[in-house]
Amino acid sequence: MYIYSDVYHIEKIMRISVIGTGYVGTVSAACFAELGHEVVCVDIDQSKIDQINAGVPPIYEEGLSELLKKHAGKRLRATSDYELAVNNSEVSFICVGTPSDSEGNIDLSIVRAASSSLGDSLKKKKDYHVIVVKSTVVPETTEKVVLPIIEKRSGKHQGDFGIAMNPEFLREGKAVYDFMHPDKIVVGSLDKRSGDMVASLYSGIKCEVTRTNPRTAEMIKYVNNAFLATKISFANEVGNICKLLGINTYEVMSAVGKDFRIGPHFLNAGAGFGGSCFPKDVKALIGKASEIGYEPMLLKSVIEVNERQPVRMVELLKNRLGELKGKKIAVMGLAFKNDTDDIRESRSIPVIKELLDNGAIVSAYDPMANENMKKLFDNIQYHTKAADALRGVEACLIMTEWDEFKSLDKEFNVMKNKLIIDGRHMLTLRKNVEYIGLC
Ligand code: NAD
């Protein structure tokens with residue numbers, strides 16, 4: 001028996017709490033509400049709670065604003081009160097951050113804190129409740145870290161409550177679309193009852209649900225990201241070799257990608273991968289492998305190649321311009337990718353650092369991420385228009401694949417020296433402009 005909620009058919013309207021209202025939490029909460037469920041968000045940051053309750057997204061994501069406006073105050077609300085959230089839901093999703101520690105290993109302190117608060121709230125609850133880990137965590141975390149904390153703090157045992165792992169594969173910039181149109185949904189659980197409950201939440205979405213145990217679900221997420229990161233570093237290594245040989249790597253990869261076993265995606269050589277996931281997830285998998293006595297040589301090289309790419313851009317610049325001291329250079333694009341204001345691990349960060357270390361004056365522009373980058377670098381010039389950032393510069397480095405950069409044309413006329421190094425292989429060649437591709 002299916003229930004109609006606007007346009008989606010769901011098996012049952014469920015009450016869900018979402019712990020952590022960052023990219024994954026806010027998008028998941030808004031999309032679960034859109035599917036017809038009743039959602040309460042929990043965060044420790046009061047400003048995010050206020051924004052969500054006012055129907056304003058705490059982050060930029062295409063389509064998110066519309067969903068929050070539609071559901072805030074109705075099917076969706078936010079609070080800092082864990083107990084209230086747990087008492088008013090049947091399933092809780094842990095969506096807090098899992099950053100890298102100083103060694104690159106996964107830092108689970110936020111997951112531990114959220115698990116403790118959930119355990120405390122569960123203590124007083126009589127009804128069955130399922131805790132789901134959606135944060136990206138290394139294999140065994142759900143069973144060996146989250147479950148024992150919840151059991152200890154709640155005084156209950158697994159079975160009295162359910163535990164599951166449900167990794168998230170959304171892409172920032174397309175997060176709402178990806179949540180509603182996933183190519184896979186993975187639910188890892190220790191028992192059938194909790195797995196069934198989590199799987200049923202997605203009944204309004206047309207996608208097969210892959211059922212596994214929690215550690216397999218955790219591994220699937222890492223392997224997914226590590227494979228994509230490997231493809232990028234592979235393409236960059238090939239690109240670097242091609243450049244030395246005078247071969248167009250994009251022609252090579254376009255032909256290679258026609259092999260159905262390889263596919264055409266993620267083969268574009270350039271400045272490398274950034275963002276809140278690929279670098280930290282590959283490093284976390286390296287850390288986990290090392291911890292259990294395996295040396296992941298390939299994964300280590302994936303990170304090494306990626307860290308060299310942005311520095312190569314500044315090397316190319318120095319080969320062409322000589323000393324950079326006192327020279328004004330434009331950095332076009334600060335977000336780690338287009339359509340987001342997220343700068344975490346953006347490739348523009350090592351580039352700006354390298355430019356500043358070489359004494360250059362940095363003139364930066366991004367349509368969305370200027371404010372976020374100001375928190376990291378307060379010693380560079382920020383502009384709200386591309387042409388203003390390009391005025392009087394000796395060269396321009398393209399760091400983010402923003403659509404608007406593709407149509408830049410007469411804006412380049414205001415450069416003092418018309419040299420472009422394109423880290424994203426996105427501009428078409430123009431008269432009177434010297435264009436250097438990174439690879
Ligand atoms: P984020 O840093 O944007 O958001 C985390 C939120 O948790 C913040 O709002 C923070 O205030 C809140 N928080 C911190 N401590 C808390 C606590 N004790 N209780 C309640 N809330 C607390 O993180 P994110 O980018 O949404 O990522 C969350 C997880 O999802 C990570 O494990 C990440 O690897 C994974 N993931 C992220 C993406 C992505 O594209 N961002 C995609 C897939 C998976």
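Keep in mind that the numbers below use all heavy atoms, side chains included, and drop hydrogens, waters and symmetry copies. Everything numeric here is computed off the predicted structure, so don't read it as measured data.
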Taking NZ, NE, NH1 and NH2 as the nitrogens, is one of them in [X] or [Y] under 4.0 Å from a carboxylate oxygen of the other?
X	Y	value
Asp388	Lys385	no
Glu307	Arg347	no
Lys374	Asp378	no
Arg75	Glu38	no
Glu140	Arg215	yes
Lys70	Glu34	yes
Lys280	Glu345	no
Glu394	Lys327	no
Lys288	Glu291	yes

Working to the nearest 0.5 Å, report the span between [atom1] of [X] and [atom2] of [Y].
X	Y	atom1	atom2	result
Lys375	Asn370	NZ	CG	12.0 Å
Cys396	Met399	SG	CE	10.5 Å
Glu237	Cys242	CD	SG	11.0 Å
Tyr82	Ser117	OH	OG	4.5 Å
Tyr382	Met373	OH	CE	6.5 Å
Ile106	Leu285	CD1	CG	10.5 Å

Mind checking whether [X] and [Y] have side chains closer than 4.5 Å, heavy atoms only?
X	Y	answer
Val137	Val111	yes
Met180	Leu35	yes
Ile329	Leu397	yes
Val314	Leu324	yes
Met332	Leu408	yes
Val256	Met253	yes

Check step by step if side-chain contact (heavy atoms from CB on, under 4.5 Å) holds for Gln51 and Leu68. CA-CA 10 Å; Gln51 277 178 289; Leu68 284 192; over 6 Å; no

Among all residues two or more places apart in sequence or in another chain, which pass the ring-ring contact (aromatic ring centres under 6.0 Å, His included) test with Tyr250?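 ring-ring contact (aromatic ring centres under 6.0 Å, His included) list for Tyr250, sorted by chain: His425.
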
Among residues at least two apart in sequence or on other chains, which ones pass ring-ring contact (aromatic ring centres under 6.0 Å, His included) with Phe278?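 So Phe278 forms a ring-ring contact (aromatic ring centres under 6.0 Å, His included) with Phe273.
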
Between [X] (side chain only) and [Y] (backbone N and O only), is there a donor and an acceptor less than 3.5 Å apart?
X	Y	answer
Lys231	Ile262	yes
Gln309	Gly272	no
Thr340	Lys337	no
Glu295	Met297	no
Thr216	Thr212	no
Asp178	Pro182	no
His37	Ile16	no

So, for [X] and [Y], which heavy atoms are closest and what is the spacing to 0.1 Å?
X	Y	answer
Ser89	Ser17	OG-OG, 2.9 Å
Leu316	Lys243	CD2-CE, 4.2 Å
Ile163	Val130	N-CG1, 4.2 Å

Less than 3.5 Å apart, any donor N or O on the side chain of [X] or [Y] sitting next to an acceptor on the other?
X	Y	answer
Asn358	Glu323	no
Asn53	Arg77	no
Asp50	Gln46	yes
Glu218	Thr142	yes
Asp107	Ser109	yes
Asp366	Trp402	yes
Asn166	Tyr202	yes

In this structure, which one of Thr26, Asp43, Asp45 forms a side-chain contact (heavy atoms from CB on, under 4.5 Å) with Pro58?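 Testing Pro58 for a side-chain contact (heavy atoms from CB on, under 4.5 Å) against Thr26, Asp43, Asp45 leaves exactly one candidate, Thr26.
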
side-chain contact (heavy atoms from CB on, under 4.5 Å) between Thr428 and Tyr435: does it pass, once the steps are laid out? CA-CA 9 Å; Thr428 40; Tyr435 176 91; over 6 Å; no

Going by side chain to side chain donor-acceptor pair (under 3.5 Å), name the pairs with one or both residues in residues 219-229, residues two or more places apart or in two chains.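 Found Lys184-Asn224, Asn225-Asp281.
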
Neighbour count above 12 (heavy atom, 6.0 Å) for Tyr177 OH: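 Not more than 12 within 6.0 Å, no.
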
Residues forming a side-chain hydrogen bond (donor to acceptor under 3.5 Å, both in side chains) with Ser135, sequence neighbours excluded: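 Partners of Ser135 under the side-chain hydrogen bond (donor to acceptor under 3.5 Å, both in side chains) test: none.
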
Sequence-distant partners of Glu434, side-chain hydrogen bond (donor to acceptor under 3.5 Å, both in side chains), two or more places apart: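 Result, side-chain hydrogen bond (donor to acceptor under 3.5 Å, both in side chains) vs Glu434: Arg320.
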
Quick check, are the ring centers of Phe32 and Phe179 under 6.0 angstrom apart?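 Yes, close enough.
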
side-chain contact (heavy atoms from CB on, under 4.5 Å) for Val42 and Val18? Distances and angles first, verdict last. CA-CA 6 Å; Val42 180; Val18 171; over 6 Å; no

Write out all pairs satisfying ring-ring contact (aromatic ring centres under 6.0 Å, His included) with one or both partners inside residues 323-366, taking only residues at least two apart or from two chains.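 Matches after skipping sequence neighbours: none remain.
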
Kindly determine whether Leu419 and Leu317 satisfy side-chain contact (heavy atoms from CB on, under 4.5 Å), including the steps that lead there. CA-CA 9 Å; Leu419 169 66; Leu317 191 65; 4.2 Å; yes

